[in-house]
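What you see is a predicted model, and the numbers here were worked out from it, not measured in a lab. We use all heavy atoms of the structure for the numbers below, so side chains are in, but hydrogens, waters and symmetry mates are not.
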Amino acid sequence: METTSKLDIRHEQPSVEQYLALRKEAGLSEMSVEGAAIGLPRSIFAVTLYEENNLIGMGRVIGDGGCFFQVTDIAVKPSHQGQGLGKLIMREIREFLNTVPDKAYVSLIADGEASKLYAQYGFEPVMPRSQGMFLRR
């Protein structure tokens, strides 16, 4: 854990309740309690930002741990946006990604203007050679 002023940077996943609340507050899609309880402990890497023990930002890397990695759950409380916390989360994630095996495929889905943030960390659009798709259940 690293500390800068009153900001705690932790490499741990949030609790299910914190995770669901921050996703909702940050405008991300809803996830179920059941899904979060199963998925969070299976994170390959997580970074959480706390201010006075209140979760204000997070990001995770999921995947198989060898060939495929996906950056997900990048979220910052609206009251703390515009302060560089998304960049801080991505720096932590990028440092972790520097340790994964060569030729591993690292992906993410960028919503709206978030692609500008991710491009700063080496992510590129996959179109037209590939197209991201999803199955909503």
Side-chain angles (χ1 to χ4, degrees):
M1 174 174 57
E2 194 179 308
T3 304
T4 57
S5 67
K6 50 186 181 162
L7 181 67
D8 289 331
I9 303 167
R10 304 177 189 173
H11 292 166
E12 61 189 34
Q13 72 253 2
S15 71
V16 169
E17 296 77 18
Q18 291 171 320
Y19 171 80
L20 295 173
L22 182 54
R23 282 187 64 87
K24 184 175 184 175
E25 189 172 349
L28 301 180
S29 60
E30 272 190 58
M31 296 292 168
S32 69
V33 171
E34 177 187 21
I38 294 168
L40 286 172
R42 294 181 178 168
S43 302
I44 293 172
F45 178 79
V47 58
T48 45
L49 307 181
Y50 290 87
E51 188 176 74
E52 298 175 8
N53 286 321
N54 295 312
L55 181 67
I56 60 169
M58 67 180 177
R60 294 191 309 139
V61 178
I62 60 174
D64 67 12
C67 294
F68 297 94
F69 298 83
Q70 184 175 29
V71 177
T72 190
D73 293 327
I74 306 299
V76 175
K77 275 189 172 226
S79 60
H80 288 76
Q81 291 176 2
Q83 300 174 25
L85 298 179
K87 289 180 180 181
L88 177 57
I89 292 166
M90 283 306 298
R91 274 196 305 270
E92 295 290 315
I93 288 174
R94 193 66 177 90
E95 273 188 39
F96 167 76
L97 293 173
N98 287 337
T99 70
V100 305
D102 286 343
K103 300 189 182 194
Y105 188 79
V106 181
S107 63
L108 59 78
I109 301 293
D111 293 333
E113 297 296 307
S115 61
K116 292 177 183 175
L117 169 66
Y118 304 135
Q120 295 175 40
Y121 296 92
F123 288 87
E124 303 172 13
V126 295
M127 290 288 283
R129 71 183 186 280
S130 299
Q131 180 175 323
M133 301 176 77
F134 79 104
L135 172 65
R136 171 94 40 186
R137 291 202 25 152

Residue pairs passing the ring-ring contact (aromatic ring centres under 6.0 Å, His included) test where at least one lies in residues 33-72, sequence neighbours excluded:
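Only His11-Phe45, Phe45-Phe96 qualify under ring-ring contact (aromatic ring centres under 6.0 Å, His included).
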Residue pairs involving residues 103-137 (criterion ring-ring contact (aromatic ring centres under 6.0 Å, His included); sequence neighbours excluded):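 Listed once each, the pairs would be none.
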Indicate the atoms forming the closest heavy-atom contact of [X] with [Y], along with that distance.
| X | Y | result |
| --- | --- | --- |
| Gly66 | Pro101 | O-CG, 3.6 Å |
| Leu40 | Val16 | CD1-CA, 3.9 Å |
| Ser32 | Leu20 | O-CD2, 4.1 Å |
| Val126 | Gln131 | CG2-N, 4.5 Å |
| Ile44 | Asp64 | CD1-N, 3.9 Å |
| Ala114 | Ala110 | C-CB, 4.4 Å |

Practice prompt. Report the distance from atom CD of Gln120 to atom NZ of Lys87, rounding to the nearest 0.5 Å.
Written response: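 The CD atom of Gln120 sits 4.5 Å away from the NZ atom of Lys87.
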To the nearest 0.5 Å, what is the distance between CZ on Arg91 and CZ on Arg94?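 Between atom CZ of Arg91 and atom CZ of Arg94 there are 13.0 Å.
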* To do: Report the C-alpha distance between Lys6 and Glu52 in whole Å, list the side-chain angles of each, state the deciding distance to 0.1 Å, and finish with yes or no for side chain to side chain contact (heavy atoms under 4.5 Å, CB included).
  => CA-CA 7 Å; Lys6 50 186 181 162; Glu52 298 175 8; 4.1 Å; yes
| request: Check the hydrophobic clustering (I, L, V, M, F, W, Y; side-chain heavy atoms under 4.5 Å; chains of links allowed) and say if Leu108 and Leu85 are grouped together. | output: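 Yes; Leu85 is reachable from Leu108 via cluster members.
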Worksheet item: Are Ile56 and Ile89 connected, step by step, through hydrophobic side chains (Ile, Leu, Val, Met, Phe, Trp, Tyr) whose heavy atoms are closer than 4.5 Å?
Response: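 Ile56 clusters together with Ile89.
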Fill in: Close side-chain approach of Leu49 and Leu55, heavy atoms under 4.5 Å
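No; the side chains remain at least 4.5 Å from each other.
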>> I'd like to check Leu88 versus Ile9 (side-chain heavy atoms, cut-off strictly below 4.5 Å). Are they in contact?
In response: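 Leu88 reaches Ile9 side chain to side chain.
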Residues forming a side chain to side chain contact (heavy atoms under 4.5 Å, CB included) with [X], sequence neighbours excluded:
| X | result |
| --- | --- |
| Pro78 | Glu25, Gln81 |
| Gln70 | Ile62, Ser107, Ile109 |
| Arg23 | Tyr19, Leu28, Ser29, Met31, Met58, Asp73 |

Notebook entry, point to check: If only atom types and distance count, is the side chain of Ser43 paired as donor or acceptor with the main-chain N or O of Ala46 below 3.5 Å?
Noted result: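 No; zero donor-acceptor contacts below 3.5 Å.
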Ignoring hydrogens and geometry, is there a side-chain-to-backbone donor-acceptor pair from Glu95 to Glu92 under 3.5 Å?
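Answer holds: no.
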Next item on the list: Please list, chain by chain and in numerical order, all residues satisfying salt bridge (charged side-chain N to carboxylate O under 4.0 Å, His left out) with Glu12, sequence neighbours excluded.
Entry: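 Checked Glu12 against salt bridge (charged side-chain N to carboxylate O under 4.0 Å, His left out); matches are Arg10.
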Any chance you could lay out the side chain to side chain contact (heavy atoms under 4.5 Å, CB included) test for Val76 and Leu22, step after step, and finish with the verdict?
CA-CA 7 Å; Val76 175; Leu22 182 54; over 6 Å; no
